[in-house]
Every structure is written in structure tokens, then in C-alpha cells.
Amino acid sequence: MRLNQNTMLLGKKVVLVPYTSEHVPRYHEWMKSEELQRLTASEPLTLEQEYAMQRSWREDADKCTFIVLDAEKWQAQPGATEESCMVGDVNLFLTDLEDPTLGEIEVMIAEPSSRGKGLGTEAVLAMLSYGVTTLGLTKFEAKIGQENEPSIRMFQKLHFEQVAASSIFQEVTLRLTVSESEHQWLLEQTSHVEEKPYRDGSAEPC
């Protein structure tokens, strides 16, 4: 999505940056993992296919993605490359043509050493807030593999409720409707997150 290509979201534990071509090699290495392929229901791609996928994520109006950086590592090492600080990604899919206020959210903390530290939680909260304030979303769904209990628990802590389970796809669907009170709660949870221009607003060269 071009809307977020010049946007960076700065939190305490994570920094969210647009998915650019410089992130592709690290991302490609992650997705060789059979565990991540299973958890994300993904097929392995060639590096060339991964670059093409990155371009489509930037261009497609119904996909919004940020790469998740470890904020501590990123801020502690001036001049560190973003690729060296990458820990995962967080995505929104706006694929329900009948309901433009609904977004499907996904998060992946790909680095095993970065899991269980709250990075995924802050990344999801920042993305929910961005979805509400910038994209005009009021409902979110998360589709998670039934065996991925840590992810299910995390979304439940963020007020998502299970609304469906599929034995065929072996996944559960959780939903959050952003009422006035939920919106207030979300604003409180993300009051520390700063939105800043990414690379001084310069767009990535094609």
C-alpha cells in the first residue's frame, strides 16, 4: 500500500517501517523455515519471487504491511541497517469489498529469540491504531492456526473474541469490534507510539 510507504511508527519495543526491497533478503531467509511456512500457511518462494511479492505489497491498495524492527537494537546502534534489526512483520488485508471497515490482521515474530517479549503485542496494537485512525477501520479479524496457542492468547488479551473455528483449515477466527470504549482503550495503549516520516518522506526508488 502506497499510503504507508513514507510512514514509520515508533514504539517502546518495536519500530514499524514500510516493507522495502532492502528487507527482502532477510525476509526470504526467514521464510525458508518450515515452522514459519506452517504457521503462516505460506509456500516457499525464490528470492526473485520474494522481490516481486514485496513490490505487490507496496502497490496493492488492499494490503498494508510494516516490517517490525527491534527498537532497542535499532536505537542502540546508530547507523545499524534495518535488515540487521528485523524481527518480523505485521499486516492488514482489506479484502472484504462489501465491508471496507473490516481488516484482517496478521503478525509474525520470525526471530525465535525475540518471541515472548511483547514485541508482537506492541506491533499489533500500533497496527490496530493505524488501521482505525488512518485507514478508517472499525472491525478486525485474525485467523490463526489452532495449534498456535501463544498467538491466540495474545489476541485474546487484546480484546479479540473467537467467532469461528474451521476443522478443515485447522484455524480459529477472532474478531475485535472497535466501539467507543475500545477505541479509547486502544488510544491509551498506544499513546506512546509516535508516527514519523520514514526516511524524511522520501519514497523508495522503483
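Any value given below was found using the heavy atoms of this structure, including those in side chains, with hydrogens, waters and symmetry copies removed.
Checked against H23 for a side-chain hydrogen bond (donor to acceptor under 3.5 Å, both in side chains), the options Q54, E82, E83 give a single hit: E82. Partner of Y19 under the ring pair (Phe, Tyr, Trp, His ring centres under 6.0 Å) criterion, out of Y51, F66, Y27, Y198: Y27 alone.
Taken together through direct or relayed side-chain contacts under 4.5 Å among Ile, Leu, Val, Met, Phe, Trp and Tyr, L16 and V132 form part of one hydrophobic cluster. With hydrophobic clusters built from ILVMFWY side chains whose heavy atoms lie under 4.5 angstrom apart, M1 shares a cluster with V90. Note: the hydrophobic cluster containing Y130 does not contain I67 (ILVMFWY, side chain heavy atoms under 4.5 Å, direct or indirect links). Using a 4.5 Å cut-off between side-chain heavy atoms of Ile, Leu, Val, Met, Phe, Trp and Tyr, with links allowed through other members, F169 and F155 fall into different hydrophobic clusters. Hydrophobic cluster membership differs between L36 and V68, with clusters built from Ile, Leu, Val, Met, Phe, Trp and Tyr side chains linked at under 4.5 angstrom.
The two residues G131 and L92 have their closest heavy-atom pair at CA-CD1, 4.1 Å. Heavy-atom minimum distance, Q146 versus S166: NE2-O, 3.7 Å. Among all heavy-atom pairs drawn from L174 and I152, the shortest one is CD2-O, 4.3 Å. Considering all non-hydrogen atoms of both residues, A80 and C85 come closest at CB-SG, 4.1 Å. Looking at every heavy atom in both residues, H192 comes nearest to Q189 through CE1-O, 3.2 Å. Between E182 and T177, the closest heavy-atom pair is CG-O, 3.7 Å.
A heavy-atom distance below 4.5 Å is not found between the side chains of V14 and W74. Q184 places none of its side-chain heavy atoms less than 4.5 Å from the side chain of S181. Looking at heavy atoms from C-beta onward, T121 lies out of side-chain contact with K157 at the 4.5 angstrom threshold.
Within 6.0 Å of atom CD in E161, 12 or fewer heavy atoms from other residues, nucleotides or ligands are found, so the atom counts as exposed in its surroundings. Heavy atoms from other residues, nucleotides or ligands lying under 6.0 Å from CE of M53 number 12 at most. Heavy-atom neighbours of E188 CD from other residues, nucleotides or ligands within 6.0 Å: above the threshold of 12.
D70 places a side-chain N or O within 3.5 Å of a backbone atom of E72 that can act as its donor or acceptor partner. Between the side chain of E59 and the main chain of S56, no donor-acceptor pair closer than 3.5 Å is present. A distance-only check finds a donor-acceptor pair linking the side chain of K13 to the backbone of K117 [under 3.5 Å]. In this structure, the side chain of N91 does not engage the main chain of K63 through any donor-acceptor pair within 3.5 Å. At distances below 3.5 Å, at least one donor-acceptor pair connects side-chain atoms of E122 with backbone N or O atoms of K12.
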For residues 100-114, dump all side-chain donor-acceptor pairs below 3.5 Å to protein atoms at least two apart in sequence or in another chain.
from	atom 1	to	atom 2	distance (Å)
T101	OG1	D99	OD1	2.6
T101	OG1	T138	OG1	3.4
T101	OG1	K139	NZ	2.9
E111	OE2	R26	NE	3.3
E111	OE2	R26	NH2	2.8
E111	OE2	W30	NE1	2.8

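With rounding to the nearest 0.5 Å, the separation of CG in L135 from CE in M127 is 8.0 Å. Residue L45 holds its CG atom at 9.0 Å from CD of Q37, rounded to the nearest 0.5 Å. Considering CG of L186 and CG of L176, their distance stands at 8.0 Å, rounded to 0.5 Å. The CE atom of M31 sits 10.0 Å away from the CD atom of E43 when rounded to the nearest 0.5 Å. The CD atom of Q5 sits 13.5 Å away from atom OG1 of T65, with the distance rounded to the nearest 0.5 Å. If you take CG on L187 and OG1 on T133, they are separated by 8.0 Å, rounding to the nearest 0.5 Å.
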Please walk me through it: do L69 and V17 pass side chain to side chain contact (heavy atoms under 4.5 Å, CB included)?
CA-CA 8 Å; L69 309 182; V17 298; 4.0 Å; yes

Go through the steps for V178 and L128 under the test side chain to side chain contact (heavy atoms under 4.5 Å, CB included), then give the verdict.
CA-CA 10 Å; V178 185; L128 291 174; over 6 Å; no

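Under the rule for a ring-ring contact (aromatic ring centres under 6.0 Å, His included), the partners of W57 that lie at least two apart in sequence or sit in another chain are F93.
Taking the six-membered ring where the residue is Trp, F160 and F140 present tilted rings, their angle falling between 30° and 60°.
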